[in-house]
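Just below is one structure, and these are the notes that go with it.
These numbers were taken from a predicted model, which means no experiment stands behind them.
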Amino acid sequence: MATSAFANSLLSSSSSTSLSHGVVPSTNNALLPSRISIFASQNLLFSSHLKLKKKNMTNSTSLTTFCSLESAKDPKEEQTPIELKYPAYPTVMDINQIRDILPHRFPFLLVDRVIEHNPGVSAVAIKNVTINDNFFPGHFPERPIMPGVLMVEAMAQVGGLVMLQPEVGGSRENFFFAGIDKVRFRKPVIAGDTLVMRMTLTKLQKRFGIAKMEGKAYVGGEVVCEGEFLMATGSA
């Protein structure tokens, strides 16, 4: 009797467990243990499938991130040496052509190359600032800075390249720097910099021999000096 009661309780607990897991009880009590084992195996397979899916998603995300980073890199940029990355300024006028127009000579010729030139309209030129420039030993011995007045003079010489053209009627014998206005120095220019200067004619009065120009000087794309210039043509 005791054995029969124990068997009935075991079957009753197995049936309730099956119901709680969504397994329909069978009239054949002998099949219950095998169905429970099948359900457990299905749960184990489902859990393994979820873990594998999460792992694949993680790997896919990592692969996508890696591929996007790799595609962002330019292989040509990595292989090109730095000395070949940056092209030189074009040459519209070399130093010999500049000397044919401007009367200035060493040590006061402060324009090395013209990279853009529209006669009677505008010009862009460069001055390579080097430690060998004769003003650096005194300005300043411990901190070489190009004097602001020489930046203004260099810009005025670029203005001369605009004005001393047949289209404008100027000549090197009667062209003078007459005045400056609203000049501002934004940043110091030091040895090793390349000073890029643009001068633009804004007003010309041929009757009075007066020309007004606007000028800006740059280093590395940043304005270091700017102002308004007055040029005069006539006898000294």
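When the side-chain contact (heavy atoms from CB on, under 4.5 Å) test is applied to Asp112, the partners found at least two apart in sequence or on another chain are Lys127, Asn128. Considering only residues two or more places apart in sequence or on other chains, Lys212 meets the side-chain hydrogen bond (donor to acceptor under 3.5 Å, both in side chains) condition with none of them. A search for side-chain hydrogen bond (donor to acceptor under 3.5 Å, both in side chains) contacts involving Glu226 returns Arg186, not counting sequence neighbours. By the side-chain contact (heavy atoms from CB on, under 4.5 Å) test, Glu153 is found to be paired with His104, Phe108, Leu110, Gln157, Phe177, residues two or more places apart in sequence or in another chain being considered.
When every heavy atom of Val183 is checked against every heavy atom of Ile180, the shortest pair comes out as CG2-CB, 3.9 Å. Pairing each heavy atom of Phe175 with each of Gly160, the nearest pair is CE2-CA, 3.6 Å. Here the shortest heavy-atom pairing between Met155 and Met199 reads O-CG, 3.2 Å. The heavy-atom pair separating Arg113 from Pro90 by the smallest distance is CD-O, 3.4 Å. The two residues Pro188 and Ile145 come nearest to each other via the heavy atoms CB-CG2, 4.1 Å.
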**Audit row: Ile95, Leu109, side chain to side chain contact (heavy atoms under 4.5 Å, CB included) steps and yes/no** = CA-CA 10 Å; Ile95 189 63; Leu109 180 56; 3.8 Å; yes

**Request:** Go through Ile126 and Val196 one step at a time and tell me if the side chain to side chain contact (heavy atoms under 4.5 Å, CB included) criterion holds.
**Result:** CA-CA 5 Å; Ile126 63 173; Val196 183; 4.0 Å; yes

**Request:** Test Asp94 against Gln97 for side chain to side chain contact (heavy atoms under 4.5 Å, CB included), laying out the working first.
**Result:** CA-CA 5 Å; Asp94 60 21; Gln97 293 169 302; 3.4 Å; yes

**Asked** Which is it for Leu201 and Met231 under the side chain to side chain contact (heavy atoms under 4.5 Å, CB included) test, yes or no, and what are the steps along the way?
**Response** CA-CA 10 Å; Leu201 179 65; Met231 309 295 185; over 6 Å; no

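Between atom CG of residue Leu164 and atom CG of residue Leu102 there is a gap of 6.5 Å, rounded to the nearest 0.5 Å. One finds the CE atom of Met146 at 10.0 Å from the CG atom of Asp193 (value rounded to the nearest 0.5 Å).
Taken together through direct or relayed side-chain contacts under 4.5 Å among Ile, Leu, Val, Met, Phe, Trp and Tyr, Val189 and Phe135 form part of one hydrophobic cluster. Following chains of ILVMFWY side-chain contacts shorter than 4.5 Å, one cannot reach Tyr89 starting from Val92, and the two form parts of different hydrophobic clusters. Hydrophobic clustering (ILVMFWY, side-chain heavy atoms < 4.5 Å, transitive): Val224 and Phe185 are in one cluster. Phe140 and Val149 are assigned to two separate hydrophobic clusters, defined by single-linkage of ILVMFWY side chains at heavy-atom distances under 4.5 Å. Cluster membership for Tyr218 and Leu161, using ILVMFWY side-chain heavy atoms within less than 4.5 angstrom, is not shared.
Under the 4.5 angstrom side-chain criterion for Ile, Leu, Val, Met, Phe, Trp and Tyr, the cluster partners of Ile210 are Phe208, Leu230.
Counting only residues at least two apart or on different chains, the side-chain hydrogen bond (donor to acceptor under 3.5 Å, both in side chains) pairs with a member in residues 115-126 are Glu116-Arg198, Asn118-Ser122.
Side chains of Arg184 and Val223 form no contact here, defined as non-hydrogen atoms less than 4.5 Å apart. In this structure, Glu228 and Thr202 have side chains that are not in contact, with every pair of non-hydrogen atoms separated by 4.5 Å or more. Contact of the Leu195 side chain with the Met151 side chain is registered, since non-hydrogen atoms from C-beta on lie closer than 4.5 Å. No side-chain heavy atom of Lys187 sits under 4.5 Å from any side-chain heavy atom of Val219. Annotation: side chain of Val152 is in contact with side chain of Phe229 (closest heavy-atom distance under 4.5 Å).
Other residues, nucleotides and ligands contribute only 12 or fewer heavy atoms inside 6.0 Å of the CD atom of Glu142.
Arg143 contributes no side-chain N or O that, together with a main-chain N or O of Ile190, makes up a donor-acceptor pair within less than 3.5 Å.
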